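Quick caveat: nothing in here was measured; it's all calculated off a predicted structure.
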Amino acid sequence: MIVISQDLGKFPKGWYPWFRPLFACRWLLPRSSESDLAWWWWFLGHSDAVYDVDFSPKALLMASSSKDKTVRLWIPSVRGESSEFLAHQGGVRSVQFSPDGDQLVTGADDKCIKTWTVHRRKFLSSMLAHKHWVRCVRWSPDGRSLLSCSDDKTVKLHDVRTSSTVHTFADFRLECRQVAFHPSGTSFATASADASVG
C-alpha cells in the first residue's frame, strides 16, 4: 500500500524503517519548486494480496481489503497504525467508506455484501446478493443505495435501509469488473471483461 506526501517536515525521528523514500517519483505530484520531494512508504499488515483501498471523506482514515479475508483501517501517517477485522469467508475484493464516513461496505468472494460501522467495526447487515464473486460495490452519493457487480455477469442495485436488491441488470456477456455512480446518483457506469464500458 502506498501513500504519497509532500510534507516531509512532520516525519517524526526514528520512524524511517517504516517507509522507503523514492526520489525518482518527483514528477508524480505538482511542485511548488524543484526542491520539493515526493515520498512514499509501504504499510505492512495484510498477509495476502490487497485488492482495494479507499480514503474516508475527510481523509482521516484509510481502509484496505485483502485476499486474506480481512479489512484494515489505517491512520494514514508515517506510523502506519491500523486495526484489523475478519470481514468475510473469502477474499475481500472491494471496500468503500460511505459518503458520511460513518460506515464501510465490503464485497467478497463469499458472494456477500456487508456493511459495518467505522468506529467500532460493528457488523450491520449482510446480503447474499450474487451467485459468484462480488468484484466491486459502491455507495450512491446520498448513501441510500449500493451498486455491486459480480462474476455472475450481473450488476445489482440495493436499498441500504432494507438490505434488499431493488433491481438486477443482466445484459453482460462476461463478468463486470467495476461500477461507479454518477455524482448526481441518477446513473452509473460499468466496466466489463467483454471490453465494454456501459
Under a 3.5 Å distance rule, please check whether [X] uses its side chain to pair with a backbone N or O of [Y] as donor and acceptor.
X: Ser66; Y: Asp48; result: yes
X: Ser94; Y: Cys136; result: no
X: Asp68; Y: Ser47; result: yes
X: Ser56; Y: Met62; result: no
X: Lys156; Y: Ala129; result: yes

Measuring only between side-chain heavy atoms, which start at C-beta, is [X] closer than 4.5 Å to [Y]?
X: His132; Y: Lys111; value: no
X: Val118; Y: Asp102; value: no
X: Phe97; Y: Pro57; value: yes
X: His88; Y: Asp109; value: no
X: Leu104; Y: Gln96; value: no
X: Trp74; Y: Leu61; value: no

Any carboxylate oxygen within less than 4.0 angstrom of a Lys/Arg side-chain nitrogen, looking at Arg135 and Asp151?
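Judged by the 4.0 Å cut-off on N to carboxylate O distance, Arg135 and Asp151 do form a salt bridge.
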
Verify the distance criterion only: is there a donor paired with an acceptor across the side chains of [X] and [Y] at less than 3.5 Å?
X: Thr190; Y: Ser192; result: no
X: Trp133; Y: Ser150; result: no
X: Ser163; Y: His158; result: no
X: Thr154; Y: Thr168; result: no

Between [X] and [Y], what is the shortest heavy-atom contact and its length?
X: Ser184; Y: Pro141; result: C-CG, 4.5 Å
X: Ser64; Y: His46; result: OG-NE2, 2.7 Å
X: Gly90; Y: Ala108; result: O-CB, 4.1 Å

Linking Ile, Leu, Val, Met, Phe, Trp and Tyr by side-chain heavy atoms under 4.5 Å, what else ends up with Phe172?
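Members other than Phe172 - counting any ILVMFWY side chain reachable under 4.5 Å - are Leu147, Val155, Leu157, Phe169, Val179, Phe181, Phe188.
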
Who else is in the cluster with Ile113 when I, L, V, M, F, W and Y are joined by side-chain contacts under 4.5 Å?
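Besides Ile113, the cluster holds Val105, Met127, Val134, Val137, Trp139, Leu146, Val160.
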
How long is the gap from CD on Gln103 to NE2 on His119, to the nearest 0.5 Å?
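Between atom CD of Gln103 and atom NE2 of His119 there are 10.5 Å.
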
Separation of Leu128 CG from Lys114 NZ (nearest 0.5 Å)
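Between Lys114 NZ and Leu128 CG, I get 10.5 Å after rounding to 0.5 Å.
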
In terms of hydrophobic clusters joined by side-chain contacts under 4.5 Å, are Trp116 and Ile75 together?
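Shared cluster, yes.
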
Under the salt bridge (Lys or Arg N to Asp or Glu O under 4.0 Å) rule, what do Asp52 and Arg93 come out as? Steps first, then yes or no, please.
CA-CA 6 Å; Asp52 201 8; Arg93 292 185 177 267; over 6 Å; no

